[in-house]
There are 2 protein chains.
Amino acid sequence: MTTASQTNAAQAPAASGGPGAPKTARGARTRARILKAAEHTFGTLGYHRAGISDITRAAGVAQGTFYTYFAGKEEILRELVRDMGHQVRAHLAAEILDTDNRLEAEERGLRAFLQYLYENPSLYRVLQEAQFVDEAIYRDYYEAFGKGYVRMLANATRKGEIRPGNNEVRVWALMGMSNFLGLRYALWEQDVSFDEIVETLSDLFRNGLTLDGKEKP
Amino acid sequence: MTTASQTNAAQAPAASGGPGAPKTARGARTRARILKAAEHTFGTLGYHRAGISDITRAAGVAQGTFYTYFAGKEEILRELVRDMGHQVRAHLAAEILDTDNRLEAEERGLRAFLQYLYENPSLYRVLQEAQFVDEAIYRDYYEAFGKGYVRMLANATRKGEIRPGNNEVRVWALMGMSNFLGLRYALWEQDVSFDEIVETLSDLFRNGLTLDGKEKP
DNA sequence: CTTCAATATGACTCCCGATTCACCTTTCCG
DNA sequence: CGGAAAGGTGAATCGGGAGTCATATTGAAG
């Protein structure tokens with residue numbers, strides 16, 4: 001998981017009933033190649049500019065082969081979002097595993113996310129474009145992400161690590177932060193170190209934004 | 001600005017040298033109608049699904065008329081983003097004018113943004129899709145927004161209203177929060193009141209997220 | 001009342017790209 | 001080995017939609 005170069009995407013034979021899951025090892029390999037190529041192509045050209053021919057060319061297969069494994073352009077996008085969603089969640093979950101408290105988890109999680117985005121820029125574009133191709137898949141992604149996140153905050157609340165509050169709202173705020181910070185500082189310009197970003201957010205989590213940090217009555 | 005039904009978009013004759021700025025009142029009116037129709041059409045169908053014919057139909061003009069005022073589909077999107085950008089910024093600036101301190105400004109700003117998005121859902125979609133059609137215009141939008149925001153935080157820092165810190169990073173985090181909260185709670189589902197959301201964020205700004213809110217050494 | 005520039009029209013052209021399909025090649029298994 | 005299922009090919013189809021253009025209408029100036 002360190003180099004993140006191998007997008008292992010051959011396992012799940014397709015969530016719905018596509019044209020047909022591969023039945024041989026060769027088929028599985030080809031399908032995975034196409035999926036991988038689509039990730040790169042969508043990530044570079046964008047969903048709409050990318051043609052099926054661009055994907056198949058990148059995968060080194062003929063146009064028709066595409067339809068052996070995917071019903072169409074939209075379906076491969078859906079597949080991709082599901083796939084990439086699992087990847088990030090798994091990656092971040094692993095990075096956070098051995099943390100002592102929520103603050104540390106937030107710090108490590110944010111840093112890991114920024115780093116992941118920097119190394120896998122396609123994730124952002126594929127995901128954000130998916131929103132306008134099939135909103136449901138996009139919502140699923142964030143709702144899945146958010147669900148686990150809320151659970152973690154609930155645990156932290158129980159342990160007395162964070163202030164009681166509306167954790168669902170907090171989670172959407174936190175996801176939004178990461179998203180924008182990633183776009184700006186991991187994808188657009190790396191002119192501020194990830195450490196600086198994490199430190200800034202950490203300070204916000206510890207002390208808030210205002211100076212007169214008085215408890216609520 | 002209360003009902004926000006009139007998107008006055010006739011003034012700016014076009015930022016660049018389009019096919020020709022309208023030279024008569026009639027022309028200006030028609031151009032504005034098309035722009036307004038494009039906002040609605042893009043906002044509803046999305047940029048790619050929306051056809052020029054959809055826009056002109058909504059505007060009540062012939063297809064060819066479109067090209068009297070805009071060089072093409074991309075250009076009207078650019079125009080739209082600029083236009084809508086001015087609108088939001090002006091609206092939010094007005095809502096924040098008479099605030100006593102930064103915390104209050106953040107609260108009112110967030111509430112105003114959520115409300116604005118609820119009333120003008122097209123803003124979100126047009127803006128986010130523009131990102132993948134012409135990234136520059138999208139960056140311009142957020143950099144313009146962020147610039148003013150950073151200035152406000154700098155003032156607040158000087159006045160001792162907020163903790164010193166990296167205001168640029170903070171601004172991107174704040175913009176990300178608003179964006180996601182708006183998407184989730186203003187556009188997708190209104191199952192949490194704006195008051196509750198604002199209160200949750202306000203608490204974060206005042207007290208942070210963690211319980212042991214100790215100052216840094 | 002003319003006249004002309006500005007506008008408006010909508011049928012038509014033209015290209016692009018998703019999808020199809022008839023036909024090969026490889027693999028698997030008795 | 002034989003042949004059938006799975007996999008692979010790429011040229012051809014087909015529809016949709018952006019952009020064009022020859023023509024018609026408007027309205028303001030003179």
Side-chain angles (χ1 to χ4, degrees), chain A residues 9-10 13-14 17-38 41-42 44-80 129-130 132-134, chain B residues 10 13-14 16-38 41-42 44-80 129-130 132-134:
Chain A
K23 313 214 162 163
T24 67
R26 177 167 65 136
R29 245 176 291 131
T30 305
R31 185 179 192 278
R33 287 233 310 286
I34 295 174
L35 210 47
K36 185 84 182 151
T41 307
F42 286 157
T44 309
L45 300 177
Y47 177 77
H48 294 279
R49 274 170 232 171
I52 301 296
S53 62
D54 294 312
I55 297 174
T56 52
R57 194 178 317 121
V61 299
Q63 292 233 75
T65 304
F66 179 92
Y67 295 93
T68 302
Y69 302 106
F70 303 97
K73 203 181 176 184
E74 286 202 13
E75 195 196 284
I76 200 176
L77 181 67
R78 274 188 281 269
E79 205 61 38
L80 217 39
E129 285 203 282
F132 304 113
V133 175
D134 180 355
Chain B
S16 54
K23 313 214 163 160
T24 66
R26 179 169 62 135
R29 245 176 292 132
T30 304
R31 185 179 192 279
R33 286 232 310 286
I34 295 174
L35 210 46
K36 184 84 180 152
T41 307
F42 286 157
T44 307
L45 300 178
Y47 177 78
H48 295 280
R49 273 171 235 174
I52 302 296
S53 61
D54 294 312
I55 297 173
T56 52
R57 194 178 317 120
V61 299
Q63 292 230 63
T65 304
F66 178 93
Y67 295 92
T68 303
Y69 301 106
F70 303 97
K73 204 181 175 184
E74 285 202 14
E75 195 194 286
I76 200 175
L77 182 67
R78 274 188 281 272
E79 204 62 39
L80 217 38
E129 284 203 280
F132 304 112
V133 176
D134 179 356

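Chain letters run A, B, ... following the sequence lines, proteins first, then strands; residues in each count from 1. Please read all numbers here as calculations on a predicted model, not as lab measurements.
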ask   = Does a side-chain N or O from B:T30 land closer than 4.0 Å to OP1 or OP2 of C:dT7, or not?
value =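 Checking C:dT7 against B:T30, no side-chain N or O comes under 4.0 Å of OP1 or OP2.
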
message = I'd like to check the side-chain contact (heavy atoms from CB on, under 4.5 Å) partners of B:T68; sequence neighbours left out, ordered by chain and number.
response =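 Listed in chain order: nothing, the list is empty.
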
request  = Go through DNA chain D in 5' to 3' direction and return only the first and the last nucleotide with some atom under 4.0 Å of chain A's heavy atoms.
outcome  =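 It runs D:dA6 to D:dG10.
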
ask   = In the 5'-to-3' direction, what one-character label does each nucleotide of nucleotides 9-30 of chain C receive under the scheme B = base within less than 4.0 Å of a protein heavy atom, S = sugar-phosphate only, - = no such atom?
value = BB-------SBB-----BS---

Considering residues at least two apart in sequence or located in another chain, which fulfil the salt bridge (Lys or Arg N to Asp or Glu O under 4.0 Å) criterion with [X]?
X: B:R78; answer: B:E74, B:D134
X: B:R49; answer: none
X: A:R57; answer: A:D54

Rounded distance (nearest 0.5 Å) linking atom OH of B:Y69 with atom OG1 of B:T30 =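 Reported value, rounded in 0.5 Å steps: 4.5 Å.
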
Is a side-chain donor or acceptor of [X] paired with a backbone partner of [Y] at a separation under 3.5 angstrom?
X: A:E129; Y: A:Y47; result: yes
X: A:K73; Y: A:A50; result: yes
X: B:T56; Y: B:S53; result: yes

ask   = Rounded to whole angstrom units, what separation is found between the CZ atom of B:R33 and the C1' atom of C:dA8?
value =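 That distance rounds to 11 Å.
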
